[in-house]
Amino acid sequence: MRRVAILIAGLAVVVSGCATAKSRPPRAAAPAEVDVTGRWIGTWYGHGIVGIPREQDAFADFVQRGSGGRGVLTLDGAPAAEGVPAASRMAGLSGSRVFLEVAGSDLVLVHELGPRHLKARFRVDGDRMVGHISDAQPPVRIVLERQKPEPPKPAAAPTRPEPQVAAPPPPPPSAVEPAPTPPPPAVAMTPAPGSEAAEAKPEGAPRPAPDEFAEAPQLKAVHFDFDKSAIRPEDVAVLDESAEWLKGNEVLVLIEGHADERGTNEYNLALGERRAKAVREHLVNKGVAAERINTVSYGEERPACTDKNETCWKQNRRARTLIKGQ
């Protein structure tokens, strides 16, 4: 009987504990201690193809209401970052729309289509937040700072009106001179065929098509390091010679930007555009008129070599300068 009594007492304790556990209310999330509303600008850090470190611009626009809210997160140059979820890589500069969850000083961003598209966690410290994309491999770290609005400009001090001075009375009629007869309006003459005025191009004329341009032996192509758009020191002299030749020849210029096949099509098109613009900026700085130069990017679409090796890829990472007579 004693053993039965002990058993019954033990069961009573267990049942009582379960009842207490069931009646205990769920733990509430910590209230929001920060407000992340505003424009945030910073940098994301990760790795691109074949493990190359990446450091690109990041932007965010948030509107918080209570412990929730909405916003947009943009990771510039992310197409070649394998750790960034595919949905955010393809979003480009349009950004990814996200929901906000704020608890204490912690911020969680979840893609509006669900966490499998994007989920990121941040720790907010005043006007600075540091976080990472959840489950990203390789890891992706994001650092943002709130952009402070510009202070309002002081209102200009009101100006005192100038005192009105009465106009002198008109002279008597006998002293008024007759008004001069206005000259007849000028009539524009039709320019003669073949004259300079007849051949002038109207404003807003369409840009010449890329297939209208051709290579010139005096203008040599320049090449770039992998995943770079900076002009290499060994190519500076090449572009300087091209600038001198272009300043002495009145031709239109088209700069083509190219990339090797590694990376996505979108990323390589953007990389080719940066390379073409780098060459254009160098030529303009050397005195070539900017309005004569156009750029186009073909990315990986027009390789100079199709072998799958570094020797071939070096040839494809290039920018060509083509010309067309005006």
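If you read the sequence from its start, that first residue is 1, and numbering goes on from there.
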Pi-cation contact, F224 with R317 (under 6.0 Å, within 45°) | no

Less than 4.5 Å apart, any side-chain heavy atom of L252 and any of I323?
-> no

Would you mind telling me which of E273, R275, K277 makes a side chain to side chain donor-acceptor pair (under 3.5 Å) with T295?
-> E273

Stepwise, does the salt bridge (Lys or Arg N to Asp or Glu O under 4.0 Å) test hold for E310 with R262?
-> CA-CA 11 Å; E310 180 60 27; R262 292 172 291 179; 3.4 Å; yes

Between V143 and Y45, is any pair of side-chain heavy atoms under 4.5 Å apart?
-> yes

Answer yes if W40 and V102 sit in the same cluster of Ile, Leu, Val, Met, Phe, Trp and Tyr residues linked by side chain heavy atoms under 4.5 Å apart, and no otherwise.
-> yes

Salt bridge (Lys or Arg N to Asp or Glu O under 4.0 Å) between K314 and D260, intermediate numbers included | CA-CA 8 Å; K314 285 182 179 180; D260 64 39; over 6 Å; no

May I have all residue pairs that pass ring-ring contact (aromatic ring centres under 6.0 Å, His included) and include part of residues 269-315, sequence neighbours excluded?
-> H258-Y298

Any chain of hydrophobic side-chain contacts (each under 4.5 Å) joining L107 to L118?
-> yes

Should E300 and N268 be marked as a side-chain hydrogen bond (donor to acceptor under 3.5 Å, both in side chains) after you check the CA-CA gap, both sets of side-chain angles, and the distance that decides it?
-> CA-CA 6 Å; E300 62 186 75; N268 287 334; 2.5 Å; yes

Do R232 side-chain atoms and D225 backbone N/O form a donor-acceptor pair below 3.5 Å?
-> no

Keeping the roles fixed (side chain from E281, backbone from L283), state whether a donor-acceptor pair exists under 3.5 Å.
-> no

Quick one: does N249's side chain have a donor or acceptor within less than 3.5 Å of a partner on W245's backbone?
-> yes

N309 side chain to T311 main-chain N or O, any donor-acceptor pair under 3.5 Å?
-> yes

Under 4.5 Å between any side-chain heavy atoms of E266 and L269, yes or no?
-> no

Mind jotting down which residue pairs meet the side chain to side chain donor-acceptor pair (under 3.5 Å) criterion with at least one end in residues 113-123? Sequence neighbours excluded, please.
-> D106-R123

Pick out which of V34, V130, L144 makes a side-chain contact (heavy atoms from CB on, under 4.5 Å) with V124.
-> V34

Flag, side chain of R320 to backbone of V222, donor-acceptor distance under 3.5 Å = no

Under 3.5 Å donor-acceptor, S297 side chain and A270 backbone = no

Indicate if L246 and L254 have the same hydrophobic cluster label, given that clusters are the connected sets of ILVMFWY residues with side-chain heavy-atom separations under 4.5 angstrom.
-> no

Not counting sequence neighbours, which residues clear salt bridge (Lys or Arg N to Asp or Glu O under 4.0 Å) with K220? List them please.
-> none

Okay, side chain of Q64, backbone of R70: is any donor-acceptor separation there less than 3.5 Å?
-> no

N/O donor-acceptor pair under 3.5 Å between R280 side chain and A290 backbone | yes

